[in-house]
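One structure is given here, and the rest of the page talks about it.
Just the heavy atoms: all of them, side chains too, but no hydrogens, waters or symmetry mates, feed the values below. Reminder, nothing fancy here: chain letters follow the sequence lines and each chain counts from 1.
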There are 2 protein chains.
Amino acid sequence: MVADHGLAGRESADELAKTVRESIQRLNRRIRQARPVGDLTFSQLSALTSLQLAGALTPRELADVERVQPPTMTKIVGKLEERGLVARTPHPTDGRQVILSATEQGQAVHAQFEKARNEWLASQLAALAPEDRETLAKASEILQKISRA
Amino acid sequence: MVADHGLAGRESADELAKTVRESIQRLNRRIRQARPVGDLTFSQLSALTSLQLAGALTPRELADVERVQPPTMTKIVGKLEERGLVARTPHPTDGRQVILSATEQGQAVHAQFEKARNEWLASQLAALAPEDRETLAKASEILQKISRA
DNA sequence: CAGGCTCATTAGCTAGGCTAAGAATCGTGA
DNA sequence: TCACGATTCTTAGCCTAGCTAATGAGCCTG
């Protein structure tokens with residue numbers, strides 16, 4: 001139960017949902033803007049990151065992790081493959097499936113862009129009070145859990 | 001599994017930036033999925049919300065608030081106008097400018113969709129421990145501040 | 001071994017984002 | 001006063017990202 005007695009700082013789930021949604025939406029847009037022109041897009045970088053974290057995935061698995069539909073992932077992977085950042089290899093036992101993995105170049109490019117991508121946000125975070133960073137770290141964990149639901 | 005990685009051992013701003021970015025990105029995508037089909041999109045709802053909060057804005061102002069370029073806002077407003085949710089009225093003194101405002105219908109539709117949009121997230125939040133909600137409330141404030149920078 | 005299922009891709013659509021360029025209007029300085 | 005630069009919005013044209021529906025290849029089970 002949500003035992004909400006209107007205590008100071010205690011918001012209802014509805015109110016909080018609105019607040020959370022607005023804040024992450026704005027920030028998301030703000031971060032998108034900070035991207036270095038002409039290269040990896042947000043979605044491409046994200047897919048590359050997931051691939052690298054997992055080691056290797058099938059398109060279906062990657063689509064699930066990224067929460068998009070398989071055809072969308074086909075497109076994104078296609079772009080990454082064109083640039084030589086991701087390799088498709090056949091599945092050893094199942095002829096339908098494909099194994100995706102980041103190439104060496106993909107890993108290098110990823111590290112470089114990840115850094116640039118985070119630069120703006122990192123500088124903002126560095127300016128915060130330590131306890132605020134603590135709050136954000138905890139909040140991120142909570143949000144991750146929710147996203148997986 | 002609240003893997004307490006370095007909360008006590010202080011995360012660097014870089015590490016934290018990565019964590020925060022990933023979590024909000026995933027959640028953003030998750031929320032987008034939860035939208036009721038065939039109606040207002042995320043961007044349209046956001047623009048409508050901003051308009052309503054501000055009362056009335058010019059396209060340029062709305063684009064700034066939403067952090068997109070003016071031509072993008074022209075498109076979004078066009079869609080909203082087609083549906084009769086936003087009205088364009090001429091600026092009283094400056095013939096170049098336009099005043100945008102939410103129509104009565106726009107306000108009604110907004111309220112309804114805002115609710116639906118938040119429903120999934122709200123239900124997730126309701127299931128959290130009170131102190132987790134507290135954390136998210138604080139985190140949202142911090143993120144809002146950052147986004148404005 | 002036939003039929004049904006799963007996986008990946010292709011085709012085709014919409015929305016959202018951008019830049020470049022245009023038309024209308026404003027305002028200012030000669 | 002009026003011509004010219006600046007501002008505002010829109011149009012045109014491009015790309016990415018997302019979706020559904022449909023296709024083809026391969027797996028598996030009765």
Side-chain angles (χ1 to χ4, degrees), chain A residues 25-26 28-48 50-51 56-83 85-101 113, chain B residues 25-26 28-48 50 56-83 85-100 113:
Chain A
Q25 178 178 346
R26 290 256 149 70
N28 217 24
R29 241 183 312 215
R30 188 70 181 71
I31 291 173
R32 256 171 211 270
Q33 285 188 317
R35 83 171 140 155
V37 277
D39 271 301
L40 285 188
T41 67
F42 211 63
S43 301
Q44 289 167 16
L45 180 58
S46 180
L48 188 53
S50 292
L51 254 188
L57 293 172
T58 67
R60 158 71 69 182
E61 287 166 341
L62 184 52
D64 285 347
V65 170
E66 292 291 308
R67 297 207 163 270
V68 298
Q69 294 303 308
T72 301
M73 194 45 69
T74 295
K75 277 191 194 177
I76 294 172
V77 168
K79 296 268 161 57
L80 291 172
E81 202 186 14
E82 273 176 22
R83 287 181 162 87
L85 307 180
V86 160
R88 281 182 168 98
T89 54
H91 191 287
T93 65
D94 189 335
R96 295 166 302 179
Q97 297 189 48
V98 176
I99 305 290
L100 303 173
S101 58
F113 275 85
Chain B
Q25 179 178 348
R26 290 254 151 71
N28 217 24
R29 242 182 310 214
R30 188 68 182 73
I31 292 173
R32 259 172 208 268
Q33 285 187 317
R35 82 173 140 151
V37 277
D39 271 303
L40 284 189
T41 67
F42 211 62
S43 301
Q44 289 167 16
L45 180 58
S46 180
L48 188 53
S50 292
L57 292 171
T58 67
R60 158 71 69 181
E61 287 166 342
L62 184 52
D64 285 347
V65 170
E66 291 291 306
R67 297 205 165 271
V68 297
Q69 295 302 307
T72 300
M73 194 43 71
T74 295
K75 277 192 192 177
I76 294 173
V77 168
K79 296 267 162 59
L80 291 172
E81 203 186 11
E82 272 176 22
R83 287 180 161 87
L85 307 180
V86 160
R88 280 182 167 98
T89 54
H91 191 285
T93 65
D94 189 335
R96 294 166 302 180
Q97 298 190 46
V98 176
I99 305 290
L100 303 173
F113 276 85

Next on the checklist: So, using salt bridge (charged side-chain N to carboxylate O under 4.0 Å, His left out) as the criterion, who are the partners of Asp94(B) when residues are at least two apart?
Outcome noted: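 Here the qualifying residues are Arg96(B).
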Checklist entry - Does Pro59(A) have any side-chain contact (heavy atoms from CB on, under 4.5 Å) partners at least two apart in sequence or in another chain, and if so, which? => result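 Result, side-chain contact (heavy atoms from CB on, under 4.5 Å) vs Pro59(A): Val98(A), Leu100(A).
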Item to check | Test side-chain hydrogen bond (donor to acceptor under 3.5 Å, both in side chains) applied to Ser50(A) - qualifying residues, sequence neighbours left out | outcome: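 side-chain hydrogen bond (donor to acceptor under 3.5 Å, both in side chains) list for Ser50(A), sorted by chain: Glu66(A), Arg26(B).
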Figure out the [atom1]/[atom2] separation between [X] and [N], and round it to whole Å.
{"X": "Leu80(A)", "N": "dT16(D)", "atom1": "CG", "atom2": "P", "result": "12 Å"}
{"X": "Gln97(B)", "N": "dG27(C)", "atom1": "CD", "atom2": "C1'", "result": "13 Å"}
{"X": "Leu45(A)", "N": "dA17(D)", "atom1": "CG", "atom2": "P", "result": "11 Å"}
{"X": "Phe42(A)", "N": "dG18(D)", "atom1": "CZ", "atom2": "P", "result": "10 Å"}
{"X": "Ile99(A)", "N": "dT9(C)", "atom1": "CD1", "atom2": "P", "result": "12 Å"}
{"X": "Glu82(A)", "N": "dT9(C)", "atom1": "CD", "atom2": "C1'", "result": "15 Å"}
{"X": "Ile76(A)", "N": "dC19(D)", "atom1": "CD1", "atom2": "C1'", "result": "12 Å"}
{"X": "Met73(B)", "N": "dC9(D)", "atom1": "CE", "atom2": "P", "result": "12 Å"}

Examine [N]: is either OP1 or OP2 under 4.0 Å from a nitrogen or oxygen in the side chain of [X]? Give yes or no.
{"X": "Ser43(A)", "N": "dG18(D)", "value": "yes"}
{"X": "Gln69(A)", "N": "dA17(D)", "value": "no"}
{"X": "Thr72(B)", "N": "dG16(C)", "value": "no"}
{"X": "Thr41(B)", "N": "dT14(C)", "value": "no"}

Checklist entry - Of Gln44(B) and Val77(A), whose closest DNA chain C nucleotide lies nearer the 5' terminus? => result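 The answer here is Val77(A).
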Please write out the pairs of protein N or O atoms and N or O atoms of nucleotides 10-14 of chain D separated by less than 3.5 Å, giving the distance to one decimal.
from	atom 1	to	atom 2	distance (Å)
dT10(D)	OP1	Arg88(B)	NE	2.8
dT10(D)	OP1	Arg88(B)	NH2	3.2
dT10(D)	OP2	Thr74(B)	OG1	3.4

Return all side-chain donor-acceptor pairs below 3.5 angstrom for residues 73-81 of chain B, not counting sequence neighbours, or 'none' if the list is empty.
from	atom 1	to	atom 2	distance (Å)
Thr74(B)	OG1	Pro70(B)	O	3.2
Glu81(B)	OE1	Arg88(B)	NH1	2.2

Checklist entry - If you measure from CD on Gln69(B) to CG on Asp64(B), what distance do you get to the nearest 0.5 Å? => result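 Reported to 0.5 Å precision, the distance equals 8.5 Å.
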Checklist entry - How long is the span from the CD atom in Glu61(A) to the CG atom in Leu51(A), to the nearest 0.5 Å? => result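 Here the rounded value is 10.0 Å.
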Checklist entry - Taking side chain as C-beta onward, heavy atoms only, is Leu85(B) less than 4.5 Å from Gln44(B)? => result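 The answer is no, as the side chains (C-beta and beyond) never meet within the 4.5 Å cut-off.
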Which pairs, protein N/O on one side and nucleotides 24-30 of chain D N/O on the other, fall under 3.5 Å?
from	atom 1	to	atom 2	distance (Å)
dG26(D)	O3'	Gly95(A)	N	3.4
dG26(D)	N2	Arg96(A)	NH1	3.3
dC27(D)	OP1	Thr93(A)	O	3.2
dC27(D)	OP1	Gly95(A)	N	2.7

